[in-house]
Each structure stands twice: as C-alpha cells, then as structure tokens.
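Here's the structure we're looking at; comments come further down.
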Amino acid sequence: EVQLVESGGGLVQAGGSLKLSCAASGFTFDDYAIGWFRQAPGKDLDWVSCISDTHGTTHYTHSAKGRFTISSDNAENTVYLQMTSLKPEDTAVYYCAALSLVHGRFCPTDARGMDYWGKGTLVTVSS
C-alpha cells in the first residue's frame, strides 16, 4: 500500500521553527520527486518546495527561500521541511506529494499530475 505520512506540525509562535517530515512507503522512493504544498484556510493549494535527490535538485517558492530547507533521507524514505522564522501567513495544512521521475519533471513546482498525496499536517503560527 502506497503511503505518504506527514508529521511535525503544530502550534508555534511567530519567529519560531518547525520541522515537518514526510515518510514514504509502498513505492520506490528513489524513483520519485517529492513536493511540499500548503493550503491556508479558505485559500487555494500552493506549492512550497520540491526535491529530487536523484537529480540533486531543490526549489523553493519565493516566500520560503531563506527560511525553509528541504532535505531527503533516502535510507529512511523520508523528506523533511525545516521551517524557520515562521510567520502567521505560514499557517496552513502542509501536504507532501510524490511524482514519478518518468514524467520528466524532476522537481515539481505545481500540483499537476502528482502521483501520491499525504493527508497533511496542520501548522499554526500565532502572532
């Protein structure tokens, strides 16, 4: 059974940090790129970051650059999103999703055609 399970969300004050995890199982982790997305209350799903460890590629949305760091532990089939200097506008449900590299998109920067999704973890940043 394919699973992506996010964890690490919670309530944090502005300026604080959280580290999200995305644990994958049921598919060949090395053959997929992983993206992080978020959906704030009442808003659309937004792309945050992506990683293809196979291709040594990472990308971040503008608001995440310099504050968030994506990394991958292929031995643990887990992708992390370290978030620092958190702001109230970072409040959202954060989702990870996997995209097979056969599609030719090595670091997905939007949600089109993602193969698998997790159920999300809630991040709340208080002011």
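Along the sequence shown, residues are numbered consecutively beginning with 1. On a predicted model such as this, the values are computed, not experimentally measured, just so you know.
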Rounded to the nearest 0.5 angstrom, the CD-OG distance for Q82 and S21 is 9.5 Å
Which atom pair, heavy atoms only, marks the closest approach of A33 to P108?
-> CB-CD, 3.6 Å
Nearest non-hydrogen partners of L18 and G8, listed with the distance = CD2-O, 3.7 Å
To the nearest 0.5 Å, tell me how far K87 NZ sits from S127 OG.
-> 14.0 Å
Work out which heavy atom in T121 is nearest to a heavy atom in G9; give both atom names and the distance.
-> OG1-N, 3.1 Å
Please assess W47 against H59 for the test side chain to side chain contact (heavy atoms under 4.5 Å, CB included), listing each intermediate value before the final yes or no.
-> CA-CA 10 Å; W47 168 73; H59 291 298; 3.9 Å; yes
Here the pair of heavy atoms bringing C50 nearest to T109 is SG-CG2, 4.2 Å
Answer with yes or no whether the hydrophobic clustering places V123 together with F68; edges join I, L, V, M, F, W, Y residues whose side-chain heavy atoms lie under 4.5 Å apart.
-> yes
Check: V79 and I51 side chains under 4.5 Å, non-hydrogen atoms = yes
Does the side chain of T84 reach to within under 4.5 Å of the side chain of S17, using non-hydrogen atoms?
-> yes
Does any non-hydrogen side-chain atom of L81 lie less than 4.5 Å from one of E6?
-> no
Single-linkage hydrophobic cluster V2~L4, side-chain heavy atoms < 4.5 angstrom = yes
Side chains of I34 and F29: closer than 4.5 Å at any heavy-atom pair?
-> yes
So V12 and M83, side chain to side chain contact (heavy atoms under 4.5 Å, CB included) or not? Walk me through it.
-> CA-CA 11 Å; V12 63; M83 305 188 295; over 6 Å; no
Closest non-hydrogen atoms of C22 and W36, given as atom of the first, atom of the second and distance, are CB-CZ2, 3.6 Å
What distance separates S100 OG from M114 CE, expressed to the nearest 0.5 Å?
-> 10.5 Å
Is D115 close to F27 at the side-chain level, that is, under 4.5 Å between some pair of heavy atoms?
-> no
So NE2 of H103 and CZ of R112: to nearest 0.5 Å the spacing works out to 11.0 Å
Taking atom CG of N74 and atom OG1 of T28, what is their separation to the nearest 0.5 Å?
-> 11.5 Å
Can you find a pair of side-chain heavy atoms, one from Y60 and one from T69, that are under 4.5 Å apart?
-> yes
Taking every non-hydrogen atom, the tightest pair across L101 and D30 | CD1-O, 3.7 Å
Please state whether the rings of W117 and F37 are parallel, tilted or perpendicular, taking 30° and 60° as the class boundaries.
-> tilted
Check whether any side-chain heavy atom of Y32 sits under 4.5 Å from a side-chain heavy atom of Y116, and report yes or no.
-> yes
Would Y95 and L20 satisfy side chain to side chain contact (heavy atoms under 4.5 Å, CB included), going step by step from the backbone distance to the final call?
-> CA-CA 10 Å; Y95 301 91; L20 306 184; over 6 Å; no
Picking from T61, D46, T91, D90, what satisfies side-chain hydrogen bond (donor to acceptor under 3.5 Å, both in side chains) with R38?
-> D90
